[in-house]
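Along the sequence shown, residues are numbered consecutively beginning with 1. In listed order, ligands and their atoms are each counted from 1. What you are looking at is a predicted structure, and each value in this text was computed from that prediction instead of being measured.
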Amino acid sequence: MTTYLNWIELSETAFKTNIKSLGKIAGKSKLSICVKANAYGHGLKEIVSLAVKEDSIEYLTVHSITEAVQCRESGWSKSILLFGPFLEEEIPLIFEHNLEPTIFELDSLFQLGKLAKKQTTSVKTHLKLETGTNRQGITENQLAEFAEAYKSNEFLKSPYGASMHFANVEDTVNHEFADQQLESFLQLCAKLKELKIAPTALHTASSAAMILFEKTHFDMVRPGISVYGSWPSKETKLSYELGGGKNNLFQPVLTWKSRITQIKDVLANSFIGYGCSFKTSTDSKIAIVPVGYADGYSRTLSNTAYVLIGGKRAPVRGRVCMNLIMVEITNIETAKIGQTVTLLGRDKDEDISAEQLASWSGTINYEFFARLSPNIPKIIV
Ligand SMILES: *Cc1c(COP(=O)(O)O)cnc(C)c1O
């Protein structure tokens, strides 16, 4: 096995467990897994290599055309749903790679229709409906012009899918707003039917909605964070448990490791790192670990986070640098150069989760994952 100074291990078993749980929850709805943001920092290529082995996964969802093309290059031949916007220059790639774009803007629908006509090729699109998130969706009074654009082009005809996104499932245990959004969605779908562009596939649910409310499943579900073994939030987990859920549904896929590359004896009353933000109170042993904010180990973890060495917690001392951190090992006598340091994951009885790191750095697990540098080597274990 190749050795690295700073690397990510991906557990295939954990991935399979999560997909199995999600497949069970999804029931008859199609399972579409979100691999945007470099598969939530886990490595797009690696996650696609695992996804191709799972028959239950029918779709991948991505934000950009660039990501969609990378999915194809990594061997994904089934459907790909595109969430984000695209440039006119990118439209040929939609046809070349058989992608299903989300539509929320009239000009891009016309541009897409124009090329579809020219190539005499139909394209599957998903119309995004506005139900209260006020991000991408189109509103009720825009429906007629979209319907016109669809019906006037035989290669568009009508949207294959209609979708929406919930604004307030993750942040609360009160789901009234989600219920209102769902109601608006159904009303808008009824309007599409009246306008004679009824879609075949309805989808609304990301992880939280999917786990908590079966009524959001419709024809397809689009989980992201849960695929990687994390709950969307504490509130989602609590809501699940309050609703009687008892199963341990997910296992974290990612472990992040580095090594001790140097050990120093530092005298009492010495400063450590930039800004002299930490001062030793006793003679101390400090280990230097080659990971930093350039890798996604946020500078906000300075003087706050812990890493695991030999199953023990070692505190980060001083500021996180671009490529290095300093950690205190005064009480870890067994620590030695070359020894593995766990930044995220389990080491014997201790565990540092993405949620813990996110909370130490003042953000959420989603952002922590998304900021992991794509350059960190990945090993599937
Ligand atoms: C990212 C995203 C998802 C997945 O969300 P998770 O909370 O990670 O499950 C689903 N739908 C849309 C539109 C998204 O942008």
At what distance is the nearest protein heavy atom to [atom], and which residue and atom is it?
atom	result
atom 8 (O) of ligand 1	Tyr40 OH, 2.6 Å
atom 7 (O) of ligand 1	Tyr366 OH, 2.6 Å
atom 11 (N) of ligand 1	Arg222 NE, 3.0 Å
atom 9 (O) of ligand 1	Ser207 OG, 2.5 Å
atom 5 (O) of ligand 1	Ser206 CB, 3.3 Å

Test item: [X] side-chain N/O and [Y] main-chain N/O as donor-acceptor pair under 3.5 Å:
X	Y	result
Thr204	Thr216	yes
Ser152	Ala149	yes
Ser373	Asp295	no
Asn323	Gly292	no

Ligand-side contact atoms (ligand 1) for residue partner Ile225, heavy atom cut-off under 4.0 Å: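 It comes down to these atoms of ligand 1: 6 (P), 8 (O), 9 (O).
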Interfacing atoms of ligand 1 (cut-off 4.0 Å, heavy-atom, His165):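 Those qualifying, in numeric order: 10 (C), 11 (N), 12 (C), 13 (C), 14 (C).
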Cys34, portion touching ligand 1 at heavy-atom distance under 4.0 Å: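 It is the side chain that gets close, since no backbone atom is under 4.0 Å.
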Lys36, portion touching ligand 1 at heavy-atom distance under 4.0 Å: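 Side chain only.
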Short N-O contact, Lys246 and Glu241, less than 4.0 angstrom: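 No, no charged N to carboxylate O under 4.0 Å.
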Within-cut-off N or O pair, Pro223 and ligand 1, under 3.5 Å: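 No, since none of the N or O atoms of Pro223 sits under 3.5 Å from an N or O of ligand 1.
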Any N or O of Phe83 closer than 3.5 Å to N or O of ligand 1: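 No: no nitrogen or oxygen of Phe83 is under 3.5 Å from one in ligand 1.
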Output field: ring centroids Tyr228/His42 closer than 6.0 Å: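 When the ring centroids of Tyr228 and His42 are compared, they turn out to be within the sub-6.0 Å range.
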Cation-aromatic face contact Lys215/Phe213, 6.0 Å, 45 degrees: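 That pair qualifies as a cation-pi contact.
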Arg313 to Tyr306, cation-pi by 6.0 Å centre distance and 45° axis angle: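 Arg313 over Tyr306 ring: yes.
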